[in-house]
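Report on the structure given below.
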Amino acid sequence: MKNYQLAIMRSLHRLLKNGHFRPFYSFFFLLMAFYSPAIGQSSKTITGIVLDETKGEPVAGVNITIKDSQKGTITDAKGRFSISASPGSVLVISNVGFKTTEITVGNRTTLNIRLSVVNEQLNDVIVVGYGVQRKATLSGSVAVVNAKTFENRGPIANPVAALQGQVPGVIVTRTSAQPGRENWQLQIRGATSTNTQEPLIILDGVALQNSGELNSINPADIDNISFLKDASAAIYGARAAFGVVLVSTKRAKSDKVTVEYRGSVSRKLLALQPDLLVGKQYGLDFTTALNNDNYGIPNTAQNVYILAQYFINPPDSGWFDVTTIPGYNGTTTGLFYNGRPVPPFGDVKDFTFFPTNMQKILFGNATSTEHSLSISGRTEKQGYRISMSYLNDGSQLRWGLNGNNRYTLRLNHDYTLSSKTKLETNISLEKNDIFQPTVMGGGNYGVTSQYANTGKPAFTKDGKPYAWGGVYSAAAQAEYGGANKEYNSRVLINTRFTYNILKHLSFTGTAGYNAAFTDIKIQQKSIQFYTYSGLLPVNSYPSAGGVSGTSAYYQRQLNKDPYYNMIGQFEYHNSFKAMHDINIMAGASYERDEYDSYNTKTFNLGNENLPSLGLGISSSSAGFVTNGETQNHYALGSYFSRVRYGYKNKYLLEAVGRYDGSSKFIQENRWKAFYGVSGAWRISQESFMQDVKFVNELKLRASFGQTGNQGGIGLYDYVQSLNVNTGGAFLGSATSISVTTTPGLVSLNRTWETVQNKNLALDFSVLHSRLSGTFEVFRKENINMLLGQSFPAALGATAPAANIGELKTWGWEGVLTWSDRIGKDLTFSVSVNMTDNQNKLVHYGGANVLSAGYNSTVEGYSLGSYFGLKYDGRIQEQKTLDAYNAKYAPTGSTNNVSLPIPAPLANPPGQLSGLRPGDNMFKDVNGDGKLSIGTSTTNPGDLIYLGRDDPRYSYGINLGLQWKGIDFYTIFQGVAKRTIFRDGTWRIPFGNLSNAQSSFYRGKLWSPENPNGTYPNLHSGGGINTYNYQISSWSVENGAYIRLKNLVIGYTLPEQIMKKIKAIQKFRIYFSGSDLWESSHIHDGWDPETTRTAVNNERFPFYRYVTFGVNATF
Amino acid sequence: MKKVPVKYILLLSGLLILLTVSCNKGLNLKPLDQLSDVSSFASPNDFKLFANQYYGFMKNLTNFNSDAHSDGNSDLYGGGGAVGSGTNTVPTTDGTWNSNYSGNLPTGAWSRIRATNYLLAKAATYSKPADIAQYVAEARFFRAYLYFDLLQQYGGAPIVDKLLDPTSPALFGARSSRDSVVDFIIADLQAAIPGLPASLVYGSPDYGRITQTAAQAFLSRVALYEGTWQKFRAGNATRYNALLDMAITASNSVINSHQYALFGTAASNALGGNSTILGDSAQKYMFILENPKSNPAGVTKSANHEYIITYRYDDVLKPAGTNINHVMSTGFQVGRKFVNMYLCKDGLPVEKSPLFQGYAAWTSEYQNRDRRAWYNLNIPYQSYWSGNANYRIDWSGSAAELLNASAVSYNPNLGSGYHSQKWNSERHVADNFEAEDYPVLRYAEVLLNYAEAVFERNGTIADADLDKSLNLVRLRINVTNGMPPLSNAFVTANSLDMRTEIRRERTIELYMEGFRIDDLKRWHNAITELGVNVGGSAYGNASQFVSSWPVGIKYTGTQYQNGPSPWTAVASQARDANGCIILDQAARQFSEKNYLLPIPASQLALNPALMQNPGWQ
């Protein structure tokens, strides 16, 4: 299987790699050359009136065009029109909210046209679990996005990315911008548990492990995605607590053979990043901070002070070599360079003062390309769609091997075996290669770390890796530290057999196989670093010998994760007397996952240029080769059913149920039932509504149910297992093997989390369906949330998670869409959606531990709440300071708010240490006369709630315009409320002297002359900085933002031209931009979407994306 | 619906039944890569493998310098950690009082205690107790080891001697008293001793495991600690005298076992190997004893008969995994107080000895001193080598070797001006690959425990007792120096104080091994030693040795100011009345409450019955 798959991938790759856009450009020009205006026939004038079929009223503003020409007219206020046309021409009558009709003129001169009202959306077939439904008769809360969402966006690494701001109730956030590892987070209707939050994702009936698996899907293959947001998800029972996302891929639609090509090229432009301090300004501000620390007296003895002076006045060359200074004897201590003391730093050999900004050295703009080709067609017996795609996702990181390549091949095929039987097969081969430098976060100074302070070059004078003592150039680490290559491949096969046993009864059997293979090759190379002259070797990192994490090595790893499922279901559907519509479905399924991973690693390669496991220098020493293996499995058995009853398409009732059993629980506690009930009343179908002319559709929906979550449960938690560990204490003459217990205690009585789900919604469509919308309120209650229980440490183990928590989530969401037409040619649509949810951790096992900063779980509060001190203004004068100190920092007292206790100073004599004017004050909120950080909700000290990290009021504004062949589409997306407190030392100016400094404070510092400055006095290191910048109502940031998520301008060549060029049916070119503009209150320089932690690859800078693309259908 | 023939209903139900049966079977899945508890603990080897983890609990190169016991918290250093400065506050959690794991290995005190109780619980039902006696004894020894650490840090602690589960009431009980915890530790040690092997020789397969003598040695530490703690807090005399007696007996039994000897002495050679070949530098190389290339004479670890309880490393199989050279060779602000504590070679302290050369030149104060000053500290103008790049080539002192030194003609113009070289290996070794053993408990401590216990028990100590214990340590490398032994006559003749001298010896010998702050705590003089008179003198108010600040070298009027090679960079740094550079601007705030660490707040929130230690509420 693997060889076959690879062969296809390779040839596909070759084909597309060499192809690029060139043929399409020439094709485009050729096509333009064929263009010539249509030649007229003998015409006559036709008049007529357009009426609403149901209500018999004239319809104004109806568009009447002659097919294949640009001629057309609009009906007037009384529905009348007049147009000149030849007998052979076809009139196309269309209007928003009505079914488009075509009439051949013939020899008629007057026409009475009756248009049937239709809301196309209402007839849409929507995929729900184990079946489909019409939108009109839907009673659950299901949102749908169609294929259009994924078009025109330029390369999309993961389809989830395109959903941001698109679906009410679906919150999409991103955590990184690293190609292939963007890690999009998908959440439906807010947090529902502290154990995982991600909805269950089903691709053509087969469950995926997580949304990351969508990385390898070709977004152009997606036909639609349904989001089951309420109790209707209960058909997926134990995994439905966070909603269900059903992804369906495209199948052949028309009986004509259609070949479609899409190609685009995009440029990633670096967007928001903190601005780092460089050069003289760095020296000046650093000196200020140090002088402030030392009570205004320059501490000229301090090595960093001496260093800072060099930044203010660097040598002309920008650097100097210490080893050439006479008297150098291994340390820089006591040396002078041109009469100035050399900063005493143990083992460094040179000093460099270049105005370098590692962020700018590391990251730049990049290019991505995507090609996708599909062929589909249908004959009497069978339909097929074959698609291929190639994505090359460029990386902003300029050094080392980087990027993300995706190759996909998919065949969706159906075959009608007989009048009663049908077989559908989907086969998808996907390959996703993600490359990155192995040494990414090396020490504090790696690519995704805080970077070393300015001044240091990335490379030496002669281009070798530069290091300053133990500070290794991040760019050189990425460039020379070896590559981490991850080859993901996936085979997804899904076969569905349908047998119509009787007219109304059918059986469907589905077998799915989703096997993911990840082959990882990591080589970590040793890098020899040099001083700036390039003459003196400094250190090697990673080290050449040895067996530690920072040694050179070569590693291979193979993960296999096959997932099988089998589903059998019966469906009975019948209508009686055109009033009663009954649909009953029942089935069973078995799903199983078997994870298997092994890795082997060899240190001491014979030759670093030939990484191969066989070439590790064999060594008698243990540890030079290490092996690892992990195996586990789980299974889920289920019965499920759906019963639907509709009365005159007016009253709709539906019940779904599922009975799930999981291998993760002990046999006695294994099975549990879940259910959902929903009903809808189509008010607009009532006779009394027939006179309410402006209402086209009005539907009230309600649902409730119970869904489950098995997240947070280990695979074998009910068995006490022991681990075998090697490399333990050195006993006798070898390292020992030890057996240890697992940290967690066994649990026999726990069960699934149960989420009670309630939903109330109103769907409406008015004014000839021009204005439509949905408004929903929901309430979710996780009544037995699985929580890690906190017990006193004396327990000595981790208590098993128990079903002891309760989390309430409530919120609303709405979408309002206005679609209309202005004049003959301009159609537009504006859609606004917004989602809000709140949650409260009602019970958290009684544990009420609280700390300053981010708290993931605090009883009585939202998940992810921030707590901190209350800012009480800035100390402006000594009098205030003395009073503040006397109250909160008397001699001999202690506090845990990092408030320094004033103590007599040796130098200058008579002065006290501690705060100065220009530092922050905090409020004694609880009035106990002290400033303190409490430890629990019952004893919060002076902590106050500062907001939550999860966004509130997520919204999207979509605007679409079409005018003749031109289309314009834009999405604004944003968050109206969020609190954020970013970790990391860039938050505090000079908080860590060895790291790069962010310059956000510049020009906004407090000083006696600028008493309203935003930021307090500069200080260095911890101490007062820790106090001033600790979490408080002053230091948290407002995370609200709005951004232009996407903008598309496209042009489709007119149909007449296409007619001439028979080879092409449709040709469209477009320009698209993503994240082009934003507005936010963030002042630390990071992108407003950056996570609060901003660690590791979350530090990859976000980018703006501009795309040029073509779509062609043949 | 009614039209559906029976056969289809049967087919449907049949299918469902089939699925039910196969489903339930398909849901019984057992772990694939772990052992089951049920099938383990069937043979003595199972117990041994389980007990092996305990040896990872011991203090080692990774943590000895960063835990609450480390010298960085003591008066020997400038600056000092928060614990020693008394500026620590109640933490939410801390590294000790918890039940954490690192991977599968327990790291917190309570998870480790559980690991000992786990074995004891399994042993209770084992059919042949005699076969597993050694491992049961190890479990009890290590339970005592863990509880002693808790005792030193927090005082009383809940006594957990069985496996608890979330329903155990004991979880929410009060802490047992300090006395009960001490009795529990002693009971465990005494119960462990019979089950342990009497001795284990280097090279035997079990070498490195705890022996009877090792348990006795540890008992001497515990008993002396608590005996003096009680004595200096006006405790019950009967109790503390009993504890001191126990310390005397235990340490004496180690001495009388003749299994151990000080490295670099003839007694050690008699036990095997040749360590006297290293001469005066024997003690220095003991701490960095690795493979034969780690010292000038090719001595190996087999010649070390001083380490009684050892966290062992191996240059190939188990390297340190921490950059001990780098950590130990930089960044420490050794204080003047400690340097002043070294005796002059006439056995007299600096404030009394005519041999003391003052501070005028960089090297003056190092003249005529206890040889250990030369091997613990970096002496100006000497050459030093260190690990990765600046290693010794052949110990010849050749030009090539000097060229490779990290410091040729050492210049002390950095930090406090006093620098440490202990633990700093000289051989060619990559960072993190050092492999010197860490002495959790060494013979020298047992000897010093003996001397101190005898003195504190009786208020006096006979010369014979000093000679069999303290003087061996004192004179190990000071014989050639001509230093006189400590004797009652010498004390009297020079108006010294026996207790001060015993304590001085302990401080000098066990420097950088994590004893000082705990010693000050049990002597109940930490407030004085840390808070006031830092950098002071033992005898008289010799003002030139006294300072109210932690200080480094004397700058004013010495070579540091006047040159050659003046230290101009510190010219602006604050200095005390003697002209010594002040290392820490803010005064220390160690107070009575600081003798015990606070219980972490989160643990108090979980179990308020623990009660916070006095002064921390």
Side-chain angles (χ1 to χ4, degrees), chain A residues 299-301 329-331 333-334 341 344 346 501 543 545-546 548 568 570 588 590 621-622 630-633 635 637 661 663 716 719-723 725 728-732 735-741 743 790-797 799 849 851 894 896 903 905-907 913 935-936, chain B residues 12 19 23 26-27 29 31-35 37 40 49-50 52-53 55-56 89 92 97-99 101 104 110-111 113-114 158 160 164 166 171 205 207-208 312 314 316-318 330 406-409 411 413-414 430 432-433 565 569-570 572-574 582 585-587 601-603 605-607:
Chain A
N299 185 352
T300 55
N329 65 352
T331 73
T333 306
I501 306 165
S543 59
S548 76
F570 291 91
Y590 179 73
S621 352
T630 309
Q631 289 183 60
N632 55 53
H633 49 7
S663 68
Y716 314 102
V719 190
Q720 169 71 66
S721 48
L722 299 174
N723 289 302
N725 314 281
F730 195 70
L731 296 170
T735 56
S736 58
I737 295 161
S738 67
V739 170
T740 55
T741 52
S790 295
F791 279 95
L795 180 61
V849 173
S851 62
T894 55
N896 60 3
L905 284 171
N907 190 27
S913 67
T935 52
S936 66
Chain B
L12 196 149
L19 269 166
C23 257
L27 295 177
L29 306 177
L32 298 170
D33 52 12
Q34 285 175 311
L35 291 178
D37 171 70
S40 288
L49 292 180
F50 199 84
N52 283 348
Q53 65 175 305
Y55 289 88
T89 52
T92 308
W97 193 290
N98 61 43
S99 61
Y101 288 78
N104 300 316
W110 295 105
S111 43
I113 288 168
R114 182 182 165 84
V160 178
L164 301 182
L171 282 180
Y207 181 76
R312 299 173 65 211
D314 184 89
V316 175
L317 300 172
K318 196 169 178 68
T330 58
S406 56
V408 187
S409 186
N411 181 333
N413 289 351
L414 187 66
N432 304 315
F433 282 79
S565 306
V570 296
S572 61
Q573 197 169 333
I582 293 175
Q585 282 270 33
S602 60
Q603 291 299 325
L606 290 166
N607 178 15

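Residue numbering restarts at 1 for every chain, and letters A, B, ... go by the order of the sequence lines. Both backbone and side-chain heavy atoms feed into the values below; hydrogens, waters and symmetry mates do not.
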Notebook entry, point to check: With chain B, which of A:G661, A:S851, A:S936 has the greatest number of heavy-atom pairs at distances under 4.5 Å?
Noted result: A:G661
Check: Distance-only, no hydrogens or angles: does the B:R312 side chain make a donor-acceptor pair with backbone N or O of B:K318 under 3.5 Å?
Finding: no
Checklist line | OH-CG distance between B:Y207 and A:L731, expressed to the nearest 0.5 angstrom | finding: 11.5 Å
Next item on the list: Grab the two heavy atoms, one from A:A729 and one from B:G56, that are nearest each other, plus how far apart they are.
Entry: CB-N, 4.2 Å
Checklist line | Contacting region of B:L171 [heavy-atom separation from chain A under 4.5 Å] | finding: both
Item checked: Side-chain heavy atoms of B:Y101 within contact of A:T740, under 4.5 Å -> no
Check: Which bit of A:Y716 is near chain B, if near means a heavy-atom gap under 4.5 Å: side chain, backbone, both or neither?
Finding: side chain
Next item on the list: Please state whether the side chain, the backbone, both or neither of B:F50 comes within less than 4.5 Å of a heavy atom of chain A.
Entry: both
Next item on the list: Mind ranking B:N411, B:L49, B:T89 by heavy-atom pairs under 4.5 Å with chain A and telling me who comes out on top?
Entry: B:L49
Margin query: How long is the straight-line distance from CG of B:N104 back to OG of A:S721, given to the nearest 0.5 Å?
Written below: 9.0 Å
Margin query: Which one wins on heavy-atom pair count under 4.5 Å against chain B: A:S738, A:P792, A:A635?
Written below: A:P792
Note to self: I need the residue from B:S111, B:P158, B:P31, B:S409 with the largest number of non-hydrogen atom pairs under 4.5 Å to chain A.
What the structure shows: B:P31
Check: Checking B:Q603 against chain A: side chain, backbone, both or neither under 4.5 Å from a heavy atom?
Finding: side chain
Check: For A:S543, is it the side chain, the backbone, both, or neither that has a heavy atom closer than 4.5 Å to a heavy atom of chain B?
Finding: neither
Next item on the list: Keeping the roles fixed (side chain from B:S602, backbone from B:T92), state whether a donor-acceptor pair exists under 3.5 Å.
Entry: yes
Note to self: If we define contacts as heavy-atom pairs under 4.5 Å, which of A:N632, A:N896, A:T735, A:N723 has the most with chain B?
What the structure shows: A:N723
Item checked: Contact origin within A:P341 toward chain B - heavy atom pairs under 4.5 Å -> neither
Next item on the list: Please look at B:R114 and chain A and tell me whether the side chain, the backbone, both or neither of the residue comes under 4.5 angstrom of a heavy atom of that chain.
Entry: side chain
Margin query: To check you understand the geometry: which heavy-atom pair defines the closest contact between B:N52 and A:I737, and what is its length?
Written below: ND2-O, 2.8 Å
Checklist line | Set of residues satisfying ring pair (Phe, Tyr, Trp, His ring centres under 6.0 Å) with respect to A:F791, sequence neighbours excluded | finding: none
